[in-house]
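These notes are about the structure you will find just below.
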Amino acid sequence: MKKVHVEEMFERLSAINPAPETELDFINPYTLLVAVVLSAQATDVGVNKATGPLFAIADTPEQMVALGEDRVREMIKTIGLYRNKAKNVIALSQQLIEQHGSAVPRDRAALEALPGVGRKTANVVLNCAFGEPTIAVDTHIFRVGNRTGLAPGKTPLDVEKKLLKAVPARFKQHAHHWLILHGRYVCKARKPACPDCAIRDLCAYKDKTRAAA
Ligand code: SF4
């Protein structure tokens, strides 16, 4: 995509939603980290249903460890892969207490060293909790990056690297959310809403959907 079109694309996405936020509910950097770990292969709405009651009684690593793996597992059992996730939540909480003074580190390597935390989760935490201009590539951003021609790539890391190069500095902070929301609600996986899409004329996707006759 041409540079001028990338500018225009983000101008339009930012006009639609000037201050986008994650749809995951959280109270502090720690609960954001836990929510993102729980959100792998699950919907934000499903995660929020479970974390509401969970965070009401445990919003620090100490409280989570005191709650214990069995209780955490019970409280998140509506979320996919909950057994493993409960294990990771307790283990990462322990690691935060032992190695980081119970605080969430503002450091990619330290975040990725936590149980259950990969590059995508680290990017979300760095962006949403600390305001860093990182872009976490999930399934929605991967699709939008490829379809539009903004950041074509075979792997999420390819797409992330291309986005970091292509997105103008002034849009980097919120690019992650604009692209996720665009993918989730407009450029949907099965049937993108191309006739209603604000960036239709800038998008390179060859199989754009048409308005019903
Ligand atoms: S025109 Fe269609 S394919 Fe392109 S970004 Fe919009 S919804 Fe997605």
Side-chain angles (χ1 to χ4, degrees), residues 1-26 32 35-49 79-80 118-213:
M1 192 183 278
K2 283 183 189 163
K3 210 173 163 189
V4 56
H5 288 167
V6 176
E7 289 265 353
E8 181 59 27
M9 172 176 171
F10 283 99
E11 286 288 1
R12 292 185 200 173
L13 293 177
S14 63
I16 294 168
N17 189 351
E21 285 179 1
T22 176
E23 293 186 327
L24 283 173
D25 293 338
F26 65 98
L32 172 67
V36 181
V37 166
L38 296 180
S39 73
Q41 293 177 48
T43 64
D44 289 358
V45 174
V47 171
N48 290 342
K49 269 194 193 144
I79 304 174
R119 184 175 182 87
K120 195 183 76 165
T121 298
N123 276 330
V124 175
V125 172
L126 289 170
N127 181 258
C128 301
F130 299 117
E132 296 208 8
T134 55
I135 302 177
V137 175
D138 71 346
T139 177
H140 300 298
I141 295 189
F142 186 76
R143 186 173 66 251
V144 172
N146 274 291
R147 276 183 181 166
T148 57
L150 170 67
K154 289 205 168 83
T155 66
L157 186 58
D158 280 347
V159 171
E160 181 186 328
K161 284 182 180 163
K162 289 208 177 140
L163 285 172
L164 289 174
K165 256 194 197 163
V167 178
R170 67 197 170 99
F171 294 120
K172 275 220 177 95
Q173 169 82 50
H174 294 312
H176 164 77
H177 288 121
W178 284 321
L179 294 172
I180 280 193
L181 294 172
H182 189 68
R184 191 174 282 166
Y185 298 111
V186 182
C187 193
K188 292 171 276 191
R190 292 214 185 124
K191 199 166 180 249
C194 303
D196 303 320
C197 176
I199 55 168
R200 181 185 163 84
D201 56 319
L202 308 170
C203 169
Y205 191 46
K206 288 200 185 79
D207 300 317
K208 286 184 189 127
T209 53
R210 298 190 184 169

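No experiment lies behind these values; they were computed from the predicted model shown. Order of listing sets the numbers, starting from 1, for every ligand and every atom in it.
- Near-neighbour remark for atom 2 (Fe) of ligand 1: protein N, O or S atoms under 2.8 Å are Cys194 SG; waters not counted.
- Around atom NZ of Lys172, more than 12 heavy atoms belonging to other residues, nucleotides or ligands sit under 6.0 Å away.
- Nearest heavy-atom pair across Arg119 and Leu157 is NE-CD1, 3.3 Å.
- Under the side-chain hydrogen bond (donor to acceptor under 3.5 Å, both in side chains) criterion, Glu7 pairs with Arg170, sequence neighbours left out.
- Heavy atoms only, all atoms of each residue included: Lys208 and Cys203 are closest at NZ-O, 2.8 Å.
- Residues satisfying the ring pair (Phe, Tyr, Trp, His ring centres under 6.0 Å) test with Phe142, not counting sequence neighbours, are none.
- At a 4.0 Å cut-off, at least one heavy atom of His182 sits close enough to ligand 1 to count as contact.
- Applying the ring pair (Phe, Tyr, Trp, His ring centres under 6.0 Å) test to His174 and every residue at least two apart in sequence or in another chain returns Trp178.
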